[in-house]
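Following: one structure in C-alpha cells, then a few remarks.
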There are 2 protein chains.
Amino acid sequence: MTMPRTYTRYAREAVTLLGEQIRLGRKQRRWTEKNLAERAGISRATLQKIENGDMGCAVGLVFEVAALVGVTLFDHDTPALARHTDHTRDKIALLPQRIKTGGEAVFDDF
Amino acid sequence: MTMPRTYTRYAREAVTLLGEQIRLGRKQRRWTEKNLAERAGISRATLQKIENGDMGCAVGLVFEVAALVGVTLFDHDTPALARHTDHTRDKIALLPQRIKTGGEAVFDDF
DNA sequence: GCATTAAGACCACTTTAATGATCATTAGAT
DNA sequence: ATCTAATGATCATTAAAGTGGTCTTAATGC
C-alpha cells in the first residue's frame with residue numbers, strides 16, 4: 001500500500017469543476033459519452049474519468065476534451081494565446097535565469 | 001511504433017501557456033525547481049515536464065503546482081469554486097440524463 | 001408497457017507517466 | 001577567477017493511466 005497523493009482543496013475543486021463543465025458542455029451539444037470520446041480520440045472510460053474529475057488524467061487530454069465542448073480555460077483565440085505565452089516568456093526573461101538560494105529561506109512576497 | 005496522439009492547437013498552446021505561467025510564478029517567488037517540487041510533493045523531473053508544457057502530466061499535479069505559485073485557472077476562492085460546481089450541476093440536472101441519438105447526427109449548435 | 005441503448009462500473013492488458021538517480025553545463029555570488 | 005548549486009538532460013525502475021472489453025441498470029422514445 002502506497003500512501004496516496006494528497007492535493008490542496010483548490011486543486012481538487014478546480015479539477016472537479018472542470019469535469020462538470022465538460023459534462024455540461026457535452027450535454028448541451030447533445031453528444032453522448034461515446035460520441036465525444038470518439039471525437040477526442042480517447043476511450044469512453046477515460047472520458048468518464050475526466051468528467052468525474054479524476055486527478056490523474058493527462059492534462060493534454062483534459063484540455064483537448066474541454067476545448068471540444070467549448071470550455072476554454074484561457075482565451076479561445078489561439079493567436080492571442082500564443083501572444084500571451086510570448087508575453088509570459090518575456091517577463092521570465094527579465095528575471096534571473098537561476099535562483100540562488102543563499103542556503104534557504106525565500107519568501108519575497110513581492 | 002505507435003502513432004503518437006494528436007492535439008488541437010488550442011490544447012497544446014493552453015498547456016504550454018500554463019507551464020510558462022507556472023515557471024514565471026515560481027521565479028517571481030524566487031523558488032528553485034527543487035524547492036517547488038518539494039512543496040508540491042513531486043519529483044523535480046515531473047516539475048520540469050509541467051513547466052515545459054508536457055501534455056501527459058497528470059492534471060491534478062499541474063493544478064496543484066499552479067495553485068502553489070499563484071496561478072489559478074478558476075476563482076482562487078474555494079467556496080466560490082464549490083458554488084460554481086454546484087451551479088454547473090444544477091444546469092446539468094435541467095438537461096436529459098441520457099442523450100438518445102436517433103441513430104446519428106447531432107449538432108444543435110444552440 | 002416494451003425495446004433500445006446511454007451511462008455507470010469493472011477488469012486484464014498495454015502503454016506511459018512519475019520517480020530518484022546521475023552527469024554536464026554554467027549563472028550568479030563572493 | 002573561483003566555487004557553488006540551479007538547471008537541463010537522460011535512464012532504469014516502478015507505479016499508474018489509458019484501453020477495449022464486458023455486464024448491469026434504467027432513462028428515453030416508441
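Here is the naming used below: chain letters follow the sequence lines, and residue numbers restart at 1 for every chain.
Distance CD (Q48(A)) to P (dG18(D)): 13 Å, rounded to an integer number of Å. Rounding to whole angstrom units, CD of residue E51(B) and C1' of dA6(D) are separated by 12 Å. Per the geometry, CD1 belonging to I50(A) stands 16 Å off C1' belonging to dG8(C), to the nearest Å. Atom CZ in R44(A) sits roughly 14 Å away from atom P in dC23(D) (whole-Å rounding). Rounded to a whole Å, the CH2 atom of W31(B) is 15 Å from the P atom of dA6(D). With rounding to whole Å, I99(B) atom CD1 is found 20 Å from dT4(C) atom P. The distance from atom NZ of K34(A) to atom P of dA9(C) is 20 Å, rounded to the nearest whole Å. Atom NZ in K49(B) sits roughly 13 Å away from atom P in dC11(D) (whole-Å rounding).
In the hydrophobic cluster analysis, where Ile, Leu, Val, Met, Phe, Trp and Tyr join through side-chain heavy atoms closer than 4.5 angstrom, I92(B) is grouped apart from L68(A).
Comparing M55(A) and N52(B), the nucleotide of DNA chain D nearest to each residue sits closer to the 5' end for N52(B). Comparing L95(A) and A58(A) by the nucleotide of DNA chain C whose heavy atom lies nearest to each, the residue mapping closer to the 5' end is A58(A).
At the phosphate of dG28(C), neither OP1 nor OP2 sits under 4.0 Å from any side-chain N or O atom of R30(B).
At a threshold of 4.0 angstrom between heavy atoms, the contacts of R5(A) with the nucleic acid are absent.
When the options E51(B), Q48(B), E33(B) are evaluated for a side-chain hydrogen bond (donor to acceptor under 3.5 Å, both in side chains) with R23(B), the one that passes is E51(B).
Separation of atoms CG (L17(B)) and OG1 (T78(A)) is listed at 12.5 Å; rounding is to 0.5 Å. L73(B) contributes atom CG, which lies 4.5 Å from atom CG of L73(A) (distance to the nearest 0.5 angstrom).
Across dG8(C), dG18(D), dA18(C), the shortest atom-to-atom separation from the side chain of C57(A) is found for dG18(D). Comparing dA6(D), dA6(C), dG18(D) by their nearest atom to the side chain of K100(B) picks out dA6(C). When the nucleotides dA6(D), dT19(C), dT28(D) are ranked by their closest atom to the side chain of S43(B), dT19(C) comes out on top. Each of dA18(C), dT19(D), dG8(C) was ranked by its minimum atom distance to the side chain of T46(B); first place goes to dA18(C). Residue A45(B) places its side chain closer to dG20(C) than to any other of dG20(C), dA7(C), dA6(D).
F63(A) and F63(B) have perpendicular rings, their planes meeting at more than 60° on a 0 to 90° scale where under 30° would count as parallel.
Residue-to-nucleotide contacts include no donor-acceptor pair under 3.5 Å from the side chain of R98(A) to the base of dA5(D).
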